[in-house]
Trainee: 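Take a look at this one; I'll ask things after.
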Amino acid sequence: MARKRIGVFMSEIAQFYQAACGKAIVDMAALRDMDVVIFASFGSYTSPYGRNLLTETGKRNIIHLPDFSKLDAIIAFPATFDIHGMDEEFYSLLREKATCPVICLQVGNPDFYTVSLENKSSMYKMTRHFIEVHQFTDICYMSGPFQHKDSPDRLLGFVEAMRDSGLSINANTIYEGNYWRNRGAKALDFFMQDRRSYPQAIICANDYMALSIIEELKNRGVRVPEDVCVSGFDGIQEGEDTTPSLSTVCVRPEKYAEEAFRILDEISSGKKPEKNVIISDEVHFRASCGCGKQVVRRGIEEIYHSMAEQEFLLRECGRITADYQNSYDIDSTLSVANYYFHTLGCDTGFICYCDDSEEDFFSVEKSQPFTDKILLLQIMHAENRRQAEAKNQTFSRGDILPSEYFQTEEPGVYIVLPIYFKNIDYGYLVLKPRQDQWPNFIMNTYISTLSGALENCYYQKKFSVIAEITKQSMTDSMTGLYNRRGFENALQDILVNKDDSMTIHIVSIDMDNLKEINDVYGHADGDFALTTLANVVRDCLSGSEFCARFGGDEFTAVLQSANPDHAQIFESRFTEAMEEASKSSGKPYPIHVSVGIAELKGNDTIDIVNCMREADEQMYIHKRAYKKERNG
């Protein structure tokens, strides 16, 4: 008998609240022998270039992926849907398609069960603490986005506490933040308008903004809490770890999960649970308001280990981007995806691809963002970075994965993330973490770079002109030899596949008197001389050897042979062939080159640079000798 399945819907799964609640749901579902499928996406953001509306469409489409009839319960986090209209679109889908119980956590809708925190009274209590205990009269407030789900209630709690105490709210008392850590400086500038001293306290609608305020106050030489007290809301781990530790309002994530499963258990037993459940919170007064002590929950070694891991992941983000730049087909793209999969912090991953042969796949009028048929391209395992399991197995979209991957001895968790490029969803990535695992913040970079590479692959496949552009991007248009980019790629291939018995030489070739030919006989003759050189050097190379034109009269060749005399043989053969080509050209000028050769004695960039420099030096010795001989 198939195991029951809970569908969970949230955005920004790596953030503290979502991760903590998600883990609690997974643990409680496992106790009931239920699988958990988490449909996760990414949030909106605003940059100096405005909102990327097409990308927001690609992100929000994840709510259209599941077959709702195959879910036995739904737990949703609508407060995390910060893309405009995503929550209402989700509610509409539930009304139309969901046949199972639906429970919304933190904020909800009258049509469904809701488990929420009393945001208003909690913020009221925090504000009254500063007024009554600290006897403060000058208090500012950093709100979340005014239209965000829980922002109005938290703001109202602050406003009512101030008014009940007879304290005024001025034009620069309340600042609209963004629930993130990058607005601290702007908020303080706003609060400091028309005033000479900082407020006695700054109350923030969440912890991330509170941490940004503390950091900016430190930058300005203002002490917390001695000069300004600060508080947050939500109780994230970083708030405990910071100095001073953050006073905040928090609720154990397990409480949300416990109430959600209590509702499901009551429905299963035939009872009718309450439609709206309010859970209690806890106000933690810590060092940032001066009432509590500095919290120390993690040791120095643990903190340093976490910092080192974060630094490693940030470096990997850059490497992922760089490696995808060399991907021109689906095989190389999937290889890069597999190599960096271990960075996500999960044991197993599945790349699932839409059927792009469907006629309306790229149509703006298509009926649904994901195709009915899905192709499982490969399965990735974190411990095997070099080799993924290639599958190419077709299955129905509503199944999320082929059924055999759900037929496990123990209940599992499956985290589904959209693979999207702007408003086009190419498919999705399924993460299957172990019990002690959860995906980290690098997901966004991993998904966006994979999506961009797949977009590139599609057009490589769809339009042959793209393949021609790729070829041209690595080829010198006049001579047909490699350009600098083609040289780098070809040299890398030789170094990767080099046999220990082979010796590599780099040859620096420079045409003599090209400027004179151009000035006296015209650029057409200059081009003739260059193509003559290219044809001769091409005929003198063998096997995997190649030559590139770096621009103007500069050429570089790469030789490879087990014969220690190969470089000398090439130089002799090439100079003789150039002399013969010059004589037989019928031109009134000599086509002459200077050559320098050096052996490559390593595979690193510095070794290549040194070798090319040595070859150039040898070439210039011959060039000066030729010029001296010619001038008498």
Trainee: Quick check: F487 with F546 (ring centres under 6.0 Å apart)?
Mentor: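 Aromatic pair counts; centres sit under 6.0 Å.
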
Trainee: Taking the basic N atoms (NZ, or NE/NH1/NH2) and the acidic carboxylate oxygens, is any pair closer than 4.0 Å for R315 and E311?
Mentor: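 The answer is yes: the pair qualifies as a salt bridge.
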
Trainee: Establish, yes or no, whether a centroid distance under 6.0 Å links the rings of Y414 and F406.
Mentor: yes

Trainee: With Y339, which residues qualify under side chain to side chain contact (heavy atoms under 4.5 Å, CB included), at least two apart?
Mentor: R385, R386

Trainee: For I400, is there any backbone N or O sitting under 3.5 Å from a side-chain donor or acceptor partner on Y428?
Mentor: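 Checked: pair present.
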
Trainee: Can you tell whether the side chains of R484 and E488 come within less than 4.0 Å, N to carboxylate O?
Mentor: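 Salt bridge absent between R484 and E488.
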
Trainee: Please report the shortest heavy-atom distance between L429 and L431, naming the atom on each side.
Mentor: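 That would be CD2-CD2, 3.7 Å.
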
Trainee: Does N338 have any side chain to side chain donor-acceptor pair (under 3.5 Å) partners at least two apart in sequence or in another chain, and if so, which?
Mentor: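 Side chain to side chain donor-acceptor pair (under 3.5 Å) list for N338, sorted by chain: empty.
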
Trainee: Counting only N and O atoms by type, is there a donor-acceptor contact under 3.5 Å from the side chain of Q437 to the main-chain atoms of D347?
Mentor: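 Yes; judged by distance alone, with no hydrogens or angles, the pair exists.
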
Trainee: Can you check whether L334's main-chain N or O pairs, donor with acceptor, with Q378's side chain at less than 3.5 Å?
Mentor: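 At least one qualifying donor-acceptor pair exists.
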
Trainee: Of the non-hydrogen atoms in A210 and C204, which two are nearest, and what is the gap between them?
Mentor: CA-SG, 3.5 Å

Trainee: Does D355 pair with K373 as a salt bridge, N-O distance under 4.0 Å?
Mentor: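 So D355 does not pair with K373 through a salt bridge.
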
Trainee: Quick one: salt bridge (Lys or Arg N to Asp or Glu O under 4.0 Å) pairs with a partner in residues 547-558, sequence neighbours left out?
Mentor: D476-R549

Trainee: Using modelled atom types only, decide if a donor and an acceptor are shared between the side chain of D207 and the backbone of F233 within a distance under 3.5 Å.
Mentor: yes

Trainee: Rounded to the nearest 0.5 Å, what separation is found between the CG atom of D241 and the CG atom of L211?
Mentor: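 So the CG of D241 and the CG of L211 are separated by 10.0 Å.
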
Trainee: Without hydrogens or angle criteria, can the side chains of E383 and H342 be said to hold a donor-acceptor pair below 3.5 Å?
Mentor: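 The answer is no; no qualifying pair exists.
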
Trainee: Which heavy atom of G43 sits nearest a heavy atom of I83, and at what distance?
Mentor: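 Residues G43 and I83, closest heavy atoms: C-CG1, 4.3 Å.
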
Trainee: Look up atom CD in E12 and atom CE in M10, then write down how far apart they are to the nearest 0.5 Å.
Mentor: 11.0 Å

Trainee: Any side-chain heavy atom of L450 within less than 4.5 Å of one from I419?
Mentor: yes

Trainee: Quick one, V558 and L541 - any side-chain contact, counting heavy atoms below 4.5 Å?
Mentor: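 When only atoms from C-beta onward are counted, L541 and V558 do not touch, as no gap falls below 4.5 Å.
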
Trainee: Quick one: does any side-chain atom of S247 pair with a main-chain N or O of R286 as donor and acceptor, under 3.5 Å?
Mentor: yes

Trainee: Do other residues, nucleotides or ligands put more than 12 heavy atoms under 6.0 Å from Q387 CD?
Mentor: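 No - once you tally the heavy atoms of other residues, nucleotides and ligands closer than 6.0 Å, there are 12 at most.
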
Trainee: Evaluate Y420 against F370 for ring pair (Phe, Tyr, Trp, His ring centres under 6.0 Å), listing each step before the verdict.
Mentor: CA-CA 11 Å; Y420 62 93; F370 297 92; over 10 Å; no

Trainee: Picking from C354, P418, S451, what satisfies side-chain contact (heavy atoms from CB on, under 4.5 Å) with D425?
Mentor: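 Of all the options given, the one that passes is P418.
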
Trainee: When rounded to the nearest 0.5 angstrom, what is the spacing between CG in L454 and CZ in F421?
Mentor: 10.5 Å

Trainee: Is it true that the side chains of E614 and N610 contain a donor and an acceptor less than 3.5 Å apart?
Mentor: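 Not at all, the side chains of E614 and N610 share no donor-acceptor pair under 3.5 Å.
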
Trainee: Looking at the rings of F9 and F90, which for Trp means the six-membered one, are their centres under 6.0 Å apart?
Mentor: yes

Trainee: Kindly give the heavy-atom pair with the smallest separation between M380 and A388, and that separation in Å.
Mentor: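 Here M380 and A388 meet closest at CG-CB, 4.3 Å.
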
Trainee: Do F42 and L417 have side-chain heavy atoms sitting under 4.5 Å apart?
Mentor: yes

Trainee: Do E89 and D87 come close enough that some side-chain heavy atom pair is under 4.5 Å?
Mentor: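 No, too far: nothing below the 4.5 Å cut-off.
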
Trainee: Do the side chain of S245 and the main chain of T242 share a donor and acceptor less than 3.5 angstrom apart?
Mentor: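 Pair absent, no side-chain N/O of S245 close to backbone of T242.
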
Trainee: Donor-acceptor pairs under 3.5 angstrom involving side-chain atoms of residues 489-496: please list them, not counting sequence neighbours.
Mentor:
none

Trainee: Looking at E316 and R319, does any basic side-chain N land under 4.0 Å from a carboxylate oxygen?
Mentor: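 Between R319 and E316 there is a salt bridge, with a charged N closer than 4.0 Å to a carboxylate O.
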
Trainee: With a cut-off of 6.0 Å (strictly less than), are more than 12 heavy atoms of other residues, nucleotides or ligands near NZ of K186?
Mentor: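 Open.
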
Trainee: Would you compute the distance between atom CD1 of I320 and atom CD of Q325 and round it to the nearest 0.5 angstrom?
Mentor: 12.5 Å

Trainee: Less than 4.5 Å apart, side chain to side chain, heavy atoms only: is that true for I63 and M86?
Mentor: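 I63 vs M86: side chains touch.
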
Trainee: If only atom types and distance count, is the side chain of S41 paired as donor or acceptor with the main-chain N or O of K59 below 3.5 Å?
Mentor: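 Indeed, once roles are kept as given, a pair shorter than 3.5 Å links the two residues.
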
Trainee: So with a 6.0 Å cut-off around NZ of K498, is the heavy-atom count from everything else above 12?
Mentor: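 Yes, NZ of K498 has more than 12 neighbouring heavy atoms, counting only those of other groups under 6.0 Å.
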
Trainee: Is it the case that the side chains of D607 and N603 hold a donor-acceptor pair, with the cut-off being a distance below 3.5 Å and no angle test?
Mentor: no

Trainee: Less than 3.5 Å apart, any donor N or O on the side chain of Y208 or D234 sitting next to an acceptor on the other?
Mentor: no

Trainee: Any non-hydrogen side-chain atom of F555 less than 4.5 Å from a side-chain atom of V537?
Mentor: no

Trainee: When you compare the side chains of Q18 and T80, does any donor N or O come within less than 3.5 Å of an acceptor on the partner?
Mentor: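 Absent: no donor and acceptor within the cut-off.
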
Trainee: About how many Å separate SG of C611 and CD of E599, when rounded to the nearest 0.5 Å?
Mentor: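 Atom-to-atom, E599:CD and C611:SG are 8.0 Å apart.
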
Trainee: Okay, side chain of T479, backbone of L481: is any donor-acceptor separation there less than 3.5 Å?
Mentor: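 Side chain of T479 to backbone of L481: a pair is present.
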
Trainee: Is a side-chain N or O of E176 found less than 3.5 angstrom from the main chain of F146, in a donor-acceptor match?
Mentor: yes

Trainee: Is the closest basic N to carboxylate O distance between R220 and D189 below 4.0 Å?
Mentor: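 A salt bridge is present here (some side-chain N lies under 4.0 Å from a carboxylate O).
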
Trainee: Which heavy-atom pair separates S332 from D329 by the least distance, and what is that distance?
Mentor: N-OD1, 2.8 Å

Trainee: For Y482, does the OH atom have more than 12 heavy-atom neighbours from other residues, nucleotides or ligands under 6.0 Å away?
Mentor: no

Trainee: From L376 CG over to I379 CD1, what is the distance, rounded to the nearest 0.5 angstrom?
Mentor: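 Atom-to-atom, L376:CG and I379:CD1 are 5.0 Å apart.
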
Trainee: Determine which pairs satisfy salt bridge (Lys or Arg N to Asp or Glu O under 4.0 Å) with at least one residue from residues 332-344, sequence neighbours left out, and list them in order.
Mentor: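 Found none.
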
Trainee: State which residues pass side chain to side chain donor-acceptor pair (under 3.5 Å) with Q435; sequence neighbours excluded, sorted by chain then number.
Mentor: none

Trainee: Consider only side-chain N and O atoms of Y179 and S151, and report whether a donor and an acceptor are under 3.5 Å apart.
Mentor: yes

Trainee: Does a side-chain heavy-atom distance below 4.5 Å link M612 with F550?
Mentor: yes

Trainee: With a cut-off of 6.0 Å (strictly less than), are more than 12 heavy atoms of other residues, nucleotides or ligands near CZ of F312?
Mentor: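 Yes, CZ of F312 has more than 12 neighbouring heavy atoms, counting only those of other groups under 6.0 Å.
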
Trainee: Give the intermediate values and the outcome of side-chain hydrogen bond (donor to acceptor under 3.5 Å, both in side chains) for residues D323 and Y340.
Mentor: CA-CA 10 Å; D323 284 347; Y340 288 102; 2.5 Å; yes

Trainee: Salt-bridge test for E216 and K218: reply yes if a basic N is under 4.0 Å from a carboxylate O, no otherwise.
Mentor: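 Looking at K218 together with E216, the answer is no, because their closest N to O distance does not fall below 4.0 Å.
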
Trainee: Checking the side chain of E545 only, and the main-chain atoms of Q560 only, is there a donor and an acceptor separated by less than 3.5 Å?
Mentor: yes

Trainee: Would you say L559 and I504 make side-chain contact, with heavy atoms under 4.5 Å?
Mentor: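 A side-chain contact under 4.5 Å is absent here.
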
Trainee: Can you check whether Y405 and F350 have ring centres sitting under 6.0 Å from each other?
Mentor: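 Yes; F350 has its ring centre under 6.0 Å from that of Y405.
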
Trainee: Of the non-hydrogen atoms in G349 and F341, which two are nearest, and what is the gap between them?
Mentor: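 Shortest heavy-atom separation between G349 and F341 comes out as N-CZ, 3.2 Å.
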
Trainee: Is a donor from one side chain sitting under 3.5 angstrom from an acceptor on the other, for Q618 and S508?
Mentor: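 There is no such pair between these side chains.
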
